[in-house]
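Following: one structure in structure tokens, then a few remarks.
Because the structure is predicted, anything quoted here is derived from the model rather than measured.
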Amino acid sequence: MTLWNAVVLAAVICLALKAVGYAIPTRFVEAPRPARIADLLTVALLGALVAVQALGAGQAIVLDARLPALLVAAGLLALRAPFLVVVVAAAAVAALLRLVGWAA
């Protein structure tokens, strides 16, 4: 299977899943349990993405400048700092640590 065949197949599957989603009656989607599951699933997937991007390098776990930057960002978010401040502070921490030689 070529790459383009795989891309087209994935697009067709995504379109089919979306169509099935529109066919589900509203009462099932708006019930408390499915709504709660959807909310928690979104948070879990985002957390997993952050963990993989912050700690992963191929098949290995790497502790480099990304982890302290992520911790700074989490701390600032807990203090309810503006998002732009969080991004700039985390980038500055990562840049400074890489400048002093702590990089993967």
- Do I37 and V29 sit in the same hydrophobic cluster, where Ile, Leu, Val, Met, Phe, Trp and Tyr count as joined when their side-chain heavy atoms come under 4.5 Å apart? no
- Query: Which atom names give the shortest non-hydrogen contact between P34 and F28, and what distance separates them?
  - Reply: CG-O, 3.1 Å
- Are V72 and L77 grouped together when hydrophobic residues (ILVMFWY) are joined by side-chain heavy atoms under 4.5 angstrom apart? yes
- Query: Can you check whether V62 reaches L55 side chain to side chain, under 4.5 Å on heavy atoms?
  - Reply: no
- Nearest atoms (heavy-atom pairs only) where A69 meets A90: CB-O, 3.3 Å
- Item | Gap separating the CG atom of L9 from the CD1 atom of I13, nearest 0.5 angstrom | 4.0 Å
- Rounded to the nearest 0.5 Å, how far apart are CG of L67 and CD1 of I61? 11.0 Å
- Item | Side-chain donor or acceptor of R66 paired with backbone N/O of Q53 under 3.5 Å | yes
- Item | Other residues, nucleotides, ligands: >12 heavy atoms within 6.0 Å of L45 CG | yes
- Would L70 end up clustered with L76 when hydrophobic side chains under 4.5 Å apart are linked, directly or stepwise? no
